[in-house]
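The block underneath contains the structure these notes are about, expressed in structure tokens.
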2 protein chains.
Amino acid sequence: MTRAEQKERTRQAIINAAFSQLSAEKGFASLSLREVAREAGIAPTSFYRHFADMDELGLTLVDEAGLMLRQLMRQARLRIEKHGSVISTSVETFMEFVAENSNVFRLLLRERSGTSAAFRGAVAREIQHFCAELAHYLRKQTQCPLEHAQLQAEAMVTLVFHTGADALDAPRELYPQLTKRTITQLRWLAHGAASYGRKQPD
Amino acid sequence: MTRAEQKERTRQAIINAAFSQLSAEKGFASLSLREVAREAGIAPTSFYRHFADMDELGLTLVDEAGLMLRQLMRQARLRIEKHGSVISTSVETFMEFVAENSNVFRLLLRERSGTSAAFRGAVAREIQHFCAELAHYLRKQTQCPLEHAQLQAEAMVTLVFHTGADALDAPRELYPQLTKRTITQLRWLAHGAASYGRKQPD
DNA sequence: ACTTTGAGCTTACAACTGTACGCCAATTTA
DNA sequence: TAAATTGGCGTACAGTTGTAAGCTCAAAGT
């Protein structure tokens, strides 16, 4: 089985090479097959033994990023159970994620509005997962109608993601301020949804 | 003066060529100087008589887009004075803008998280203008503290922009639904900010 | 032990990129 | 009218890209 093992290893080398070449100045679109192959330590044409396309690589990266997103949510839930305060804990956890995995978050952020419909769809699906889980959680907590919860979850995720995007261009010292602002926005939203909801059920 | 006149004309030809080559599948980054020159009807090297760089062209495009954004806000205000309902009128006006100028909106959306710091900065500035005007308006209307208004305006713009992004990939039939959802989110936010604000002034 | 498989390599090519250089011709200036 | 300026052109070059074709050779299958 050393055969398949070796293959998987260079496959990972390719994926790692791609991730490590992403940066603030370089998006996936401006990544070239040859560059990736070079950094992965293989010949350009060997790339095709693992991926048919750069697009296929990209979708793999998005999948991996989505996986990390789900881990993030799990971690947030754990912290909430211990620490209590739902909103602030969530935002803080998310900001940590962005700080420590900026390349991963940037990938999601960019390809969400990128030039490939397949990429956009993949990212949208990952974020939708995220929203759905959050909505489920909200519904348990506030016992509001499902559609309500979904709409609120979507807005929350939108606001948090936007803050994450700001964070990518901000020095670390500003993170507390960004976090605080976002927490306020989310509290407003939650409060409004709770009290306004009754007057306008649909 | 036919000299400068002619120059300005081909300059506009370049700008138009660039705009017309933007699409869902093609972002500014994947635009080539030669392609743009070809569509503008000039030789590749003639491009340099007008812009030092593709980047310089890009910043010009962003400026132009920002200008349209400000026109949009003016139009929204006019409609509000006639029609009343602030939130729904704003969202509807914005959705029309996105539908009719999708390439312009896409440019802003993409370069906001693009690979050029200069671009990101330029877009951020345009959106900040947008937010500031909205904040000014909110403050007049609700008489809340300035920081409050800015925070709320920022959240509103974030939510509306995000809906615009969704709209780019959605068939026209879904626009009313998207619009309705966003209006609800904005109402929640406004309501929450108004009532929650007193309890937590800062 | 023999054959098949397949990951990885080298070489090669055609397409495209940005841009340096120098010329032309028409407008503008002196 | 003579000189200077300048928008536009054609040519040319070096670099990069994706990928096709065919080889090698060690592991896996028989």
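By convention in this document, chain letters (A, B, ...) are assigned in the order of the sequence lines, proteins followed by strands, and residues within each chain are numbered from 1.
Rounded to whole Å, atom P of D:dT19 lies 9 Å from atom CZ of A:F47. Note: OH (B:Y48) to P (D:dC9) measures 15 Å, nearest angstrom. At whole-Å resolution of the value, CG in B:L57 and P in C:dG18 are 12 Å apart. For the pair A:I14 CD1 and C:dG8 P, the interatomic distance rounds to 8 Å; values are reported in whole Å. One atom, CD of A:Q6, and another, P of D:dA28, lie 11 Å apart when rounded to the nearest Å. Here D:dG8 presents its P atom at 11 Å from CD of B:E8, a figure rounded to the nearest Å. Straight-line distance from the CD1 atom of B:I42 to the C1' atom of C:dG18: 14 Å, rounded to whole Å. Computed from coordinates, the B:E5 CD to D:dG7 C1' distance equals 15 Å when rounded to whole Å.
The base of C:dT19 sits with one of its N or O atoms less than 3.5 Å from a complementary donor or acceptor on the side chain of B:R34. Taking 3.5 Å as the limit, the base of D:dT6 and the side chain of B:R49 contain no donor-acceptor pair of atoms between them.
Contact of the B:Q143 side chain with the B:R139 side chain is not registered, since no non-hydrogen atoms from C-beta on lie closer than 4.5 Å.
By the 4.0 Å N-to-carboxylate-O rule, A:E35 lies close enough to A:K26 to be salt-bridged with it.
Side-chain nitrogen and oxygen atoms of B:R38 include at least one within less than 4.0 Å of the OP1 or OP2 phosphate oxygen of C:dT17. The side chain of B:T45 places no N or O atom within less than 4.0 Å of a non-bridging phosphate oxygen (OP1 or OP2) of C:dC21. Taking side-chain N and O atoms only, A:S46 has no distance below 4.0 Å to OP1 or OP2 of C:dA7. Side-chain nitrogen and oxygen atoms of A:T10 include at least one within less than 4.0 Å of the OP1 or OP2 phosphate oxygen of C:dG8.
Taking the six-membered ring where the residue is Trp, B:F161 and B:F130 present perpendicular rings, their angle passing 60° and hence far from 30°.
Under 3.5 Å, the side chains of B:S85 and B:S88 contain a donor-acceptor pair of N or O atoms. Between the side chains of B:S20 and B:E39, at least one donor-acceptor pair of N or O atoms lies under 3.5 Å.
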